[in-house]
Amino acid sequence: LREFWQFTGYELINPNIIRSDPGIMAGKPGISGIRIPVESLLEKLGAGEAPEQLLEALPRLTPDAIHAALSFAAQALKADVAYPIDQKAA
């Protein structure tokens, strides 16, 4: 994962929190030590769950981990990629 960010010119946000290992969760970036994919946290937040709800439901999750996941996603979206938007769904 670190190599990807160096290749794209972005710095990895808190590499001690966000990790990617091919042997864990098929290599998806996740919260280190608790096997929660960044994608899952973002889906829950996007669905309207409050960070406080996530912290209560997942006792090993920390506010820093939530912030790291959001920062990771923001940097991923800065990559030079076009994301098509379905006008019918918008």
Evaluate the side-chain contact (heavy atoms from CB on, under 4.5 Å) criterion for residues V38 and L70: first the C-alpha distance (whole Å), next the side-chain angles of each, then the deciding distance (0.1 Å), finally the verdict. CA-CA 8 Å; V38 169; L70 291 169; over 6 Å; no
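- A donor-acceptor pair is defined here as one N or O able to donate and one able to accept, closer than 3.5 Å; such a pair exists between the side chain of S71 and the backbone of H67.
- The shortest heavy-atom contact between L45 and A50 is CD2-C, 4.4 Å.
- Among residues at least two apart or in separate chains, there is no side chain to side chain donor-acceptor pair (under 3.5 Å) pair with a member in residues 42-59.
- For R35, the side chain to side chain contact (heavy atoms under 4.5 Å, CB included) partners two or more places apart in sequence, or in a different chain, are I24, M25.
- Residue L42 comes nearest to A73 through the heavy atom pair CD1-CB, 3.5 Å, listed as atom of the first residue, atom of the second, then distance.
- At least one donor-acceptor pair closer than 3.5 Å links the side chain of R60 to the backbone N or O of G33.
- Considering CG of L54 and OG1 of T62, their distance stands at 11.5 Å, rounded to 0.5 Å.
- Residue F72 forms a side-chain contact (heavy atoms from CB on, under 4.5 Å) with just one option from I18, L77, L41, and that option is I18.
- A pairwise comparison of heavy atoms in A69 and I31 identifies CB-CD1, 4.3 Å as the closest pair.
- Contact record, A68 with I17: CB-CG2, 3.8 Å, taken as the closest heavy-atom pair.
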